[in-house]
Amino acid sequence: MFPPEPYTYHCLDCGWRKTLAPKSDGLGPGDFFSWCPSCQSENLVRELARRIERTLAKFRRRLGL
């Protein structure tokens, strides 16, 4: 099992963003989104996280946050 590269979800309707750094390639609840938790829009884009987002997400994962 290898962790995937951190990725960011971005809502095109309200601007909500969330960067995730899963611990393994077996994704579980909270590792993906089908709609925006802020405005419930399905207009989400999943993209590779930017460098600073990747660094912060990996740091939070190590701390268990």
Side-chain angles (χ1 to χ4, degrees):
M1 293 192 301
F2 298 99
E5 284 296 313
Y7 48 87
T8 300
Y9 282 99
H10 177 227
C11 178
L12 299 176
D13 290 335
C14 74
W16 172 84
R17 294 180 75 83
K18 175 82 175 180
T19 300
L20 302 170
K23 293 180 180 181
S24 73
D25 55 358
L27 301 179
D31 289 334
F32 57 91
F33 292 92
S34 299
W35 60 85
C36 174
S38 180
C39 71
Q40 282 66 50
S41 170
E42 293 182 8
N43 200 7
L44 287 180
V45 175
R46 179 180 160 172
E47 54 197 23
L48 285 177
R50 298 177 200 154
R51 182 175 292 161
I52 189 70
E53 292 171 329
R54 283 193 312 262
T55 302
L56 291 173
K58 288 178 180 180
F59 183 69
R60 284 192 307 265
R61 181 180 65 201
R62 287 185 187 131
L63 292 177
L65 300 176

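- Among residues two or more places apart in sequence or in another chain, the salt bridge (charged side-chain N to carboxylate O under 4.0 Å, His left out) test is passed with Arg17 by Glu47, Glu53.
- Cys11 is not listed as a side-chain neighbour of Ser38, based on a closest heavy-atom distance of 4.5 Å or more.
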Apply side chain to side chain contact (heavy atoms under 4.5 Å, CB included) to residues Thr19 and Tyr7 and explain how you reach the verdict.
CA-CA 6 Å; Thr19 300; Tyr7 48 87; over 6 Å; no
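- In this structure, the separation between CD on Gln40 and CH2 on Trp35 is 8.5 Å, given to the nearest 0.5 Å.
- Across Cys39 and Cys36, no two heavy atoms sit closer than the pair N-SG, 3.4 Å.
- Here the closest heavy-atom approach between residue Lys58 and residue Ala21 is recorded as N-CB, 4.2 Å.
- Residue Glu42 qualifies as open at atom CD: its count of foreign heavy atoms under 6.0 Å is 12 or below.
- Taking CG of Leu44 as the reference point, atom OH of Tyr9 lies at 7.5 Å (rounded to 0.5 Å).
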Step by step, work out the side chain to side chain contact (heavy atoms under 4.5 Å, CB included) result for Thr8 and Leu48.
CA-CA 6 Å; Thr8 300; Leu48 285 177; over 6 Å; no
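- Trp16 has its ring centre less than 6.0 Å from the ring centre of Phe33.
- With sequence neighbours left out, the side-chain hydrogen bond (donor to acceptor under 3.5 Å, both in side chains) criterion links Ser41 to Asp13.
- Rounded to the nearest 0.5 angstrom, Leu56 CG and Arg50 CZ are separated by 12.0 Å.
- Judged purely by atom type and a 3.5 angstrom limit, Arg54 uses its side chain to pair as donor or acceptor with the backbone of Ala49.
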